[in-house]
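Each chain gets a letter, A, B and so on, in the order the sequences are listed, and its residues count up from 1. Here the structure is a predicted model, which means the values were calculated and not measured.
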2 protein chains.
Amino acid sequence: METGATKQRILDRAFHLSSLYGLEALTIGRLADDLRMSKAGVHGHFGSKQALQLATIRHAQQLFLRNIITPSEAAPDGLPRLWAMCTALTAYSMETGLHGGDFWVTVTNEYDSRTGPVRDTVEATMSGWMRRLEDLISTGIELRQLTPCDPAQLAFEIQALLDAGGHQRDLYHDPKAPARARTAIRGRLEELRGPRFPKLTE
Amino acid sequence: METGATKQRILDRAFHLSSLYGLEALTIGRLADDLRMSKAGVHGHFGSKQALQLATIRHAQQLFLRNIITPSEAAPDGLPRLWAMCTALTAYSMETGLHGGDFWVTVTNEYDSRTGPVRDTVEATMSGWMRRLEDLISTGIELRQLTPCDPAQLAFEIQALLDAGGHQRDLYHDPKAPARARTAIRGRLEELRGPRFPKLTE
DNA sequence: CCTACCGATCGGTAGG
DNA sequence: CCTACCGATCGGTAGG
């Protein structure tokens, strides 16, 4: 049960546009124009605008899994894996074009004060991501890579810095912002250095 | 040359709505319904939707100046003043309702990938705020409150944490998020403690 | 500050 | 996947 090629084209474009302008500003007409299709042709693949938004979120989840999560699983559990995810996110952001983290920065900010199924899906996705960060931190503590600390607090700080790396890069057209995020995260981790603190690449 | 009472009512409501949903989702019709006015009655005060957006930004600037900047000027220059601004922003966020920082978190994220006069105004405002943070950090270093460090890097980190305090509070309905931001900022400042590091209240 | 409009665009539907 | 529509709403204008 594969997704059709046209539907993939629509989702790629929807992902691109909503990474820049959000899922509320996404319109079926704009999407159709970009893809040189009719509005009904786009609409028919999803049935409603909300279904299109939810499908775009699922598409973004798949890209995030493929581009960020899975590659980082190659690194050892705990701190090396956490650091691999942080470098993947900030490295991606240092290149041109659109990448895994941008969609989520835009969309979480767009929906943080809204209600409804789209918001709920966004929140659930990000909660899963935060739990993943906290688990890696907890594992890092258990493995004595890190000094004991509050995983939720450290995860909050890392997520804050990752978000700001992408956001401030865009707002100020400052290509150094992702590197600032990485520098700050690395410094914070080294401050919590435990006896088995691993070497952090890059 | 005072602003009319009706115009103030419109701007208060526009500020409230755009703090939640952004300045692009703001519509003259919705504003008119909320205020039990006609669309033309709202429109006439500004002349265009863009002028309404820019006027709402100016309104938000005034509130930020009155509620955050000016009160903090009572604290001594350098670190105490920087800390006063951080506590003001996170304290406001801990109460219910809408406050100074929320508008800017929403709107900077909304416009970071857009173009045009509204985006330019938002960017200029935030650049001024970042410069203010950097100046307070530089003063703190000169006064030996802080160890020498890169003011732009530290300002980036503080702004990242302040943003995330408001944003994650809303996204996860987590009232502890602003306190996490404050804890992280305080920890970062104490890490950079200089010989004349002041006592940080609260 | 209002009523009464305008053309454009929105999400969505009928029918093929 | 298309053309040809629908009612609702958008920003904006005329005229008072």
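Contact of the A/F15 side chain with the A/Q62 side chain is not registered, since no non-hydrogen atoms from C-beta on lie closer than 4.5 Å. Looking only at side-chain heavy atoms (C-beta outward), B/Y21 and A/E110 stay at 4.5 Å or farther from each other. Under the 4.5 Å side-chain criterion, counting only non-hydrogen atoms from C-beta, A/Q145 is not in contact with A/T139.
Remark: the A/Q153 side chain and the B/T183 side chain contain no N/O donor-acceptor pair separated by less than 3.5 Å.
A/S38 comes within 4.0 angstrom of a base, heavy atoms only. Within 4.0 Å (heavy atoms only), A/L26 reaches sugar-phosphate atoms of the nucleic acid but no base atom.
Residue order along DNA chain C, read from the 5' end via each residue's closest nucleotide, puts A/R30 first among A/G47 and A/R30.
Using a cutoff of 4.0 Å between basic side-chain nitrogens and carboxylate oxygens, A/R131 and A/E134 are not scored as salt-bridged. A/E73 has a carboxylate O that lies under 4.0 Å from a charged side-chain N of A/R132, or vice versa, which qualifies the two as a salt bridge. A salt bridge links A/R169 with A/D102: at least one charged nitrogen is closer than 4.0 Å to a carboxylate oxygen.
In 5' to 3' order, the nucleotides of DNA chain D bounding all contacts with chain B (an atom under 4.0 Å from a heavy atom) are D/dC10 to D/dT13.
Remark: DNA chain C takes part in the stems C:1-16 with D:1-16, each of 3 or more antiparallel Watson-Crick or G-U pairs, criterion distances under 3.5 Å.
Annotation: B/R144, atom CZ; neighbour count of heavy atoms from other residues, nucleotides and ligands within 6.0 Å does not exceed 12.
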